[in-house]
Structures are given as C-alpha cells and as structure tokens.
Amino acid sequence: DQQVKQNSPSLSVQEGRISILNCDYTNSMFDYFLWYKKYPAEGPTFLISISSIKDKNEDGRFTVFLNKSAKHLSLHIVPSQPGDSAVYFCAASPSQGAQKLVFGQGTRLTINP
Amino acid sequence: SQTIHQWPATLVQPVGSPLSLECTVEGTSNPNLYWYRQAAGRGLQLLFYSVGIGQISSEVPQNLSASRPQDRQFILSSKKLLLSDSGFYLCAWTGGAAPLHFGNGTRLTVT
C-alpha cells in the first residue's frame, strides 16, 4: 500500500522556467510533509518542509504548496537551474517529531539548457 | 556540527555471503537512527529504526537485521544475502523534530 505517491517518474523542464513536482498521499493522519533532493550515488538532502497548519512555505526559489482536502502537495522551483537536475522525493509523517517518514517513489527532474 | 558516516560506498557480494554495513554519527548524542533501502526504480523504504542503544524496530520482515551497539553506531547485517537484497542502502539520523539527515549510502550488488 503506497501511502505517498509521486505519479510522474520523470519531468523535463527548460532552464529558467518553472518546475512543478507533485505528490499525493492517502493517510489523513499525515501532518508534516518534506521534500528531499537526491543526486546519483549520494544520500538525499533535505530541501523544504511544510506543516499542515500552513498551505504554503517558501524558501528562495523553492515553494511547497499543501492542499489538505485533496491530500496533495507540490514543489515549485522557479527559475529552474541546471543544478536542480536530480531525483526529488516527497515524504510525510504524522507529526514533525514522528520517528518515521514515508517516502514517495521519487521524480527525476531534468533541467535542459 | 553533526556528520554522518556510512561505509563502504560500494559492495559486491555473492549470494549466500554475510553482510555488515556500518553507520556512525558525530556531533550529537542519543540520535534516532534509521536504515532505508532504495531498490531500483523505487522509493525509499524504511527497514529499521532505533531510538536508543539496543532498541531496534523492524519495519519490513526480511533477510536483514540491525543492531545498535553504541549510541551513535548503527549496523545493518545479514547472515546470507539474497539477490533481492541488492539496492542502495541509506543510513539516516534525526535529533527528534529535525528532518532526517542521510549518509551518502552504500550501493550493494549481490551476484
């Protein structure tokens, strides 16, 4: 049972444009959501998070949007840069202090020059 | 600052051989420790987590085991590897409310 789903395995975007990565979840107990970025042969690095009390969180070029009623979150990157090419994982947890994160399958983002 | 070390970076092992992957964290005490696996084309699957020395929770019944002999040391083991154990193994830690911080991973190929 995949509780966190990233239905697009890959996404290709032109440099300078907006990249939008999507994530859906099924467990209504999830209350805290994160995005991670992963380069090949490296561990994922934390990018940005959002609590369910918010519907938007912004950090520089990265913005995460949360739609609780639709159980959907998205990561917007604008403008997209070549260094953004990586695999992006969304993750969810029942709370910020919860011991476990549930990850999606990942979306490979390629930024074309 | 806190750092996490995971080794080896790559490993090729024959089917039926034992496995031992080690992870250590520096710069913090009493971390929560995790082992995740990323199989080819799949997401990150939680295998084990530990909230203290000797305390191990298993998420997925399988051919692997974990141990935490010291506060900042986490070990992933197997007595006999299967082909299906191939994958990218990641150790991670958190101080509680912080997000997970991952090591650089071990690419395991079972032949």
Side-chain angles (χ1 to χ4, degrees), chain A residues 1-10 21-27 30-53 57 59 62 64 73 75 86-108, chain B residues 1-11 21 23-25 30-52 55-60 66 68 74 87-109:
Chain A
D1 176 32
Q2 191 75 29
Q3 297 185 68
V4 178
K5 299 179 183 180
Q6 293 175 257
N7 292 317
S8 298
S10 63
L21 297 103
N22 294 303
C23 180
D24 297 294
Y25 61 96
T26 57
N27 190 338
F30 288 147
D31 210 34
Y32 186 61
F33 305 89
L34 308 89
W35 283 95
Y36 281 81
K37 175 181 179 179
K38 184 183 179 302
Y39 292 119
E42 293 183 10
T45 55
F46 169 69
L47 203 54
I48 193 169
S49 63
I50 188 167
S51 167
S52 63
I53 61 173
N57 189 26
D59 183 2
F62 302 91
V64 55
L73 64 153
L75 175 68
V87 176
Y88 289 79
F89 291 96
C90 68
S93 168
S95 73
Q96 188 173 357
Q99 295 164 348
K100 299 181 286 185
L101 294 182
V102 179
F103 284 84
Q105 309 96 308
T107 296
R108 181 177 300 279
Chain B
S1 64
Q2 301 90 355
T3 55
I4 180 168
H5 302 279
Q6 189 180 340
W7 66 92
T10 59
L11 191 59
L21 302 180
C23 171
T24 59
V25 180
N30 198 29
N32 291 344
L33 296 172
Y34 305 80
W35 280 109
Y36 279 84
R37 176 172 62 196
Q38 183 186 14
R42 302 186 66 180
L44 300 173
Q45 180 185 36
L46 177 62
L47 302 176
F48 302 95
Y49 72 95
S50 171
V51 299
Q55 300 178 60
I56 308 294
S57 295
S58 174
E59 289 297 300
V60 182
R68 185 170 177 175
F74 206 22
F88 192 55
Y89 289 82
L90 290 155
C91 181
W93 75 274
T94 180
L100 287 179
H101 303 280
F102 286 88
N104 280 333
T106 296
R107 171 73 58 193
L108 172 66
T109 303

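Convention: sequence-line order gives letters A, B, ...; per-chain numbering from 1.
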Structural part of B:Leu44 lying under 4.5 Å from a heavy atom of chain A: both
From [X] atom [atom1] to [Y] atom [atom2], the distance as rounded to the nearest 0.5 Å:
X: B:Thr94; Y: A:Lys100; atom1: OG1; atom2: NZ; result: 14.5 Å
X: B:Leu100; Y: A:Thr45; atom1: CG; atom2: OG1; result: 12.5 Å
X: A:Phe103; Y: B:Gln38; atom1: CZ; atom2: CD; result: 10.0 Å

Toward chain B, the part of A:Tyr39 with a non-hydrogen atom under 4.5 Å: neither
Proximity breakdown for A:Ala41 and chain B, heavy-atom pairs closer than 4.5 Å: backbone
Student check: side-chain heavy atoms of B:Phe88 and A:Glu42 closer than 4.5 Å: no
Check: B:Tyr34 side chain, A:Leu101 main-chain N or O, donor-acceptor pair, under 3.5 Å: no
Closest approach of A:Leu34 to B:Pro99 (non-hydrogen atoms, all atoms of both residues): CD2-CB, 3.5 Å
Ring centroid separation A:Phe46 to B:Phe102 under 6.0 Å: no
Option in A:Pro44, A:Gly104, A:Pro9, A:Gly106 with maximal non-hydrogen atom pairs under 4.5 Å from chain B: A:Pro44
